[in-house]
Amino acid sequence: MTPLLQVRGIEKRYGARIGCTAVSFDLYPGEVMGIVGESGSGKSTLLSCLAGHLAPDAGQVIFDTRARGPVDTVTMAEPERRMLARTDWAYVHQNPRDGLRMGVSAGGNVGERLMAVGARNYGSIRSTAEDWLGRVEIAGDRIDDRPAAFSGGMQQRLQIARNLVTGPRLVFMDEPTGGLDVSVQARLLDLLRGLVRRLGLSAVIVTHDLAVVRLLADRLMVMKGGRVVETGLTDQVLDDPQHAYTQLLVSSVLQV
Amino acid sequence: MTDDYNFAYLDEETKRMIRRAILKGVAIPGYQVPFASREMPMPYGWGTGGVQVTAACLTPEDVLKVIDQGADDTTNAVSIRKFFQRTAGVKVTEATAEASLIQTRHRIPEAALTEGQIVVFQVPIPEPLRFLEPRETETRKMHELEEYGLMHVKLYEDIARHGQIATAYDYPVKVEGRYVMDPSPIPKFDNPKLDGSPALMLFGAGREQRIYALPPYTKVVSLDFEDHPFEPSKADHDCDLCAASDTYLDEVIMDDQGGRMFVCSDTDHCRCRREAGHVGRLGVAA
């Protein structure tokens with residue numbers, strides 16, 4: 001089987017400082033990869049490089065496109081990369097305000113990607129938007145409300161609906177549960193797990209919350225100082241951490 | 001004309017610079033060409049972009065018509081007409097058919113335009129995507145890559161909120177199947193007149209320093225949805241002075257008892273019709 005995403009020796013430097021370096025991994029269809037590490041460990045930089053928001057200084061990000069098979073998205077022409085970003089890829093920001101258009105209604109937010117790929121029938125755009133709001137547990141009568149009138153959890157769910165509406169194959173998530181209280185977090189995780197399993201999505205999830213990766217991720221990468229210090233199956237890494245930093249990370253989780 | 005000014009106020013080098021921008025705009029219909037907009041002796045928002053384009057296009061043989069909201073006798077029209085009478089000494093007219101160059105704010109004349117005429121529009125905000133995407137770098141990229149889905153988000157919002165496309169002016173158009181363009185704040189009633197017009201249409205935005213153009217016979221399509229097609233709308237009345245039923249109307253409040261009248265916003269067109277013997281509900285025979 002061809003991996004959906006092959007990452008080869010990605011490096012990003014900010015001047016003399018290292019953002020991330022020598023990161024390589026394969027992601028197969030339907031697989032969820034978790035990336036954990038402390039603040040400043042380079043996990044968000046890595047995700048931005050993978051999603052094409054930052055240009056890496058070295059390395060390849062090879063995506064298995066529908067039309068042409070595996071292509072390096074770093075050297076790909078910009079129109080094609082942006083097309084990927086609004087069809088086959090999705091990017092869920094930590095702060096829903098970064099990923100939503102706050103001046104546009106919930107329905108418009110969900111419909112934007114559809115219109116960006118050529119949908120021109122108001123009725124069908126609206127019914128698709130309604131369907132997706134339902135799937136992320138937002139009441140249908142909120143379709144014309146602006147995201148500013150939504151709670152933080154609802155905004156995050158709206159952002160997820162907006163991203164998944166075009167049926168992407170690969171989802172990048174940057175701390176999807178950051179800033180939400182634990183009960184809302186639990187609901188969101190439940191929803192995400194259901195969507196990922198049902199739609200057979202592949203995902204790369206960056207987080208500092210080990211509970212999130214335990215629930216969602218099949219495999220785990222632990223980053224420190226811009227480098228990957230440990231990789232493996234999620235349960236294996238969390239239950240039997242080998243690297244000193246991973247051991248510290250696992251033992252730092254608060255127990256209730 | 002006094003000798004204190006170069007012909008049409010601007011110096012010749014500036015006019016060359018503006019003409020180069022106009023030529024580029026004509027070569028790429030609907031594309032916003034940056035130009036080095038000059039300070040003009042009038043405030044921004046009064047048509048400094050249009051005035052510069054007009055100044056660059058004027059020749060001593062030209063006959064100039066200036067309209068503001070369709071009228072020849074409003075402040076903006078009168079002051080710009082006087083400006084060019086003083087600095088260029090060209091002939092001026094109120095008749096659309098006689099004019100070789102028409103500078104307009106917010107309207108396209110009702111009378112059919114002809115080949116050889118130039119229409120200059122005053123544009124406040126040339127970027128149709130501005131209110132949805134405030135980043136200029138991003139909107140330029142969207143024009144470059146033809147990513148215009150966002151424009152439909154605006155129309156979607158209209159329908160979701162008002163049940164129909166409520167955008168009544170500044171209605172976005174697609175030019176020759178490529179660039180999405182802001183046709184300046186003309187009512188959407190005038191949008192069909194942009195399509196395939198025999199006259200050259202030039203758009204000047206002074207504060208925003210952009211010029212764009214529609215060469216004669218350019219295909220201009222107003223954006224819409226399949227199930228909510230574009231409709232050029234107007235007030236559902238006839239002109240009360242000249243009885244025209246096919247013109248864009250202004251509503252005039254007559255008293256505080258709810259009295260109102262509807263009159264053609266194109267004053268020249270209305271006058272011609274009255275002189276030809278048409279009389280409306282409140283009109284008197286000429």
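Throughout, protein chains are lettered first and strands after them, A, B, ... in sequence-line order, and every chain is numbered starting at 1.
- Looking at A/Leu114, there are no atoms closer than 4.5 Å to chain B (heavy atoms on both sides), in backbone or side chain.
- The CD atom of A/Glu78 sits 6.5 Å away from atom CD of B/Glu144, with the distance rounded to the nearest 0.5 Å.
- Residue-environment remark: CZ (B/Arg16) stays at or below the threshold of 12 foreign heavy atoms within 6.0 Å.
- Smallest separation of non-hydrogen atoms from A/Glu112 and B/Leu150: OE2-CD1, 3.5 Å.
- The heavy-atom pair separating A/Ser105 from B/Tyr156 by the smallest distance is OG-CE2, 3.9 Å.
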Does the side chain to side chain contact (heavy atoms under 4.5 Å, CB included) test come out yes or no for B/Met142 and A/Arg82, once each step is laid out?
CA-CA 10 Å; B/Met142 290 157 90; A/Arg82 283 173 69 111; 4.1 Å; yes
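- The heavy-atom pair separating B/Leu145 from A/Pro79 by the smallest distance is CD2-CG, 3.4 Å.
- Ring pair B/His228/A/Tyr122 is perpendicular by interplanar angle, where above 60° counts as perpendicular and below 30° as parallel.
- When all heavy atoms of A/Gly108 and B/Glu157 are compared, the pair lying nearest together is CA-OE2, 3.7 Å.
- Heavy-atom distances place the side chain of A/Arg86, and not its backbone, under 4.5 Å from chain B.
- Rounding to the nearest 0.5 Å gives a distance of 5.0 Å between CZ of A/Arg101 and CD of B/Glu133.
- Contact annotation for A/Asn121: both backbone and side-chain heavy atoms come within less than 4.5 Å of a heavy atom of chain B.
- The number of heavy atoms from other shown groups lying within 6.0 Å of NZ (B/Lys219) does not exceed 12.
- The environment of B/Tyr217 atom OH is dense: over 12 non-hydrogen atoms of other residues, nucleotides or ligands sit within 6.0 angstrom.
- Heavy atoms from other residues, nucleotides or ligands lying under 6.0 Å from CD of A/Glu137 number more than 12.
- Using a 4.5 Å cut-off between heavy atoms, B/Leu132 contacts chain A through both its backbone and its side chain.
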